[in-house]
Amino acid sequence: MPTIRVELFEGRTVEQKRALAQALTEATVRTLGGSPDGVDILFFDIARHDWATGGNLWSDPPSPAG
Ligand SMILES: O=C(O)C/C=C/C(=O)C(=O)O
């Protein structure tokens with residue numbers, strides 16, 4: 001069964017996650033076949049101070065140079 005991990009910044013609402021779970025499940029079944037009951041969606045809320053891109057934490061203010 002396909003299992004999809006979604007790692008995202010904390011703060012999204014249950015309604016947003018419900019809508020995303022439904023959209024991802026529909027897209028998975030449409031693309032791969034099978035049953036919606038066979039698709040698992042796992043959400044992982046990540047704090048901005050636990051996520052870095054380009055060496056910079058998302059919790060830090062952007063540098064003046066961009
Ligand atoms: O929007 C989120 O929840 C996470 C976004 C991450 C990025 O935009 C990135 O890593 O570049």
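Counting starts at 1 for both ligands and their atoms, in listed order. By convention here, the first residue in the shown sequence is residue 1.
- Put simply, the side chain of Thr31 does not reach to within 4.5 Å of the side chain of Glu26, judged on heavy atoms.
- With respect to Arg5 and Asp40, no salt bridge is recorded, no charged nitrogen being found less than 4.0 Å from a carboxylate O.
- The distance from ligand 1 to the heavy atoms of Thr53 drops below 4.0 Å at these ligand atoms: 10 (O).
- Hydrophobic clustering of Ile, Leu, Val, Met, Phe, Trp and Tyr side chains at less than 4.5 Å, counting indirect connections, keeps Leu20 apart from Phe9.
- For atom 6 (C) of ligand 1, the nearest non-hydrogen atom of the protein is Trp51 CZ2, 3.6 Å.
- Nearest protein neighbour of atom 1 (O) of ligand 1, counting heavy atoms only, is Arg12 NH2, 3.1 Å.
- Considering backbone and side-chain N/O atoms, Leu8 never comes within less than 3.5 Å of an N/O atom of ligand 1.
- Taking all atoms of both residues into account, the shortest heavy-atom contact from His49 to Leu57 is O-CD2, 3.7 Å.
- Among all non-hydrogen protein atoms, the one lying nearest atom 5 (C) of ligand 1 is Phe9 CE1, 3.7 Å.
- Leu32 and Met1 are not part of a single hydrophobic cluster, where members link through side-chain heavy atoms under 4.5 Å apart.
- Taking atom 11 (O) of ligand 1 as the reference point, the nearest protein heavy-atom neighbour is Trp58 CZ2, 3.6 Å.
- Two different hydrophobic clusters hold Val6 and Trp58 under the rule that ILVMFWY side chains link at heavy-atom gaps under 4.5 Å.
- Using a 4.0 Å cut-off between heavy atoms, Glu7 makes no contact with ligand 1 at all.
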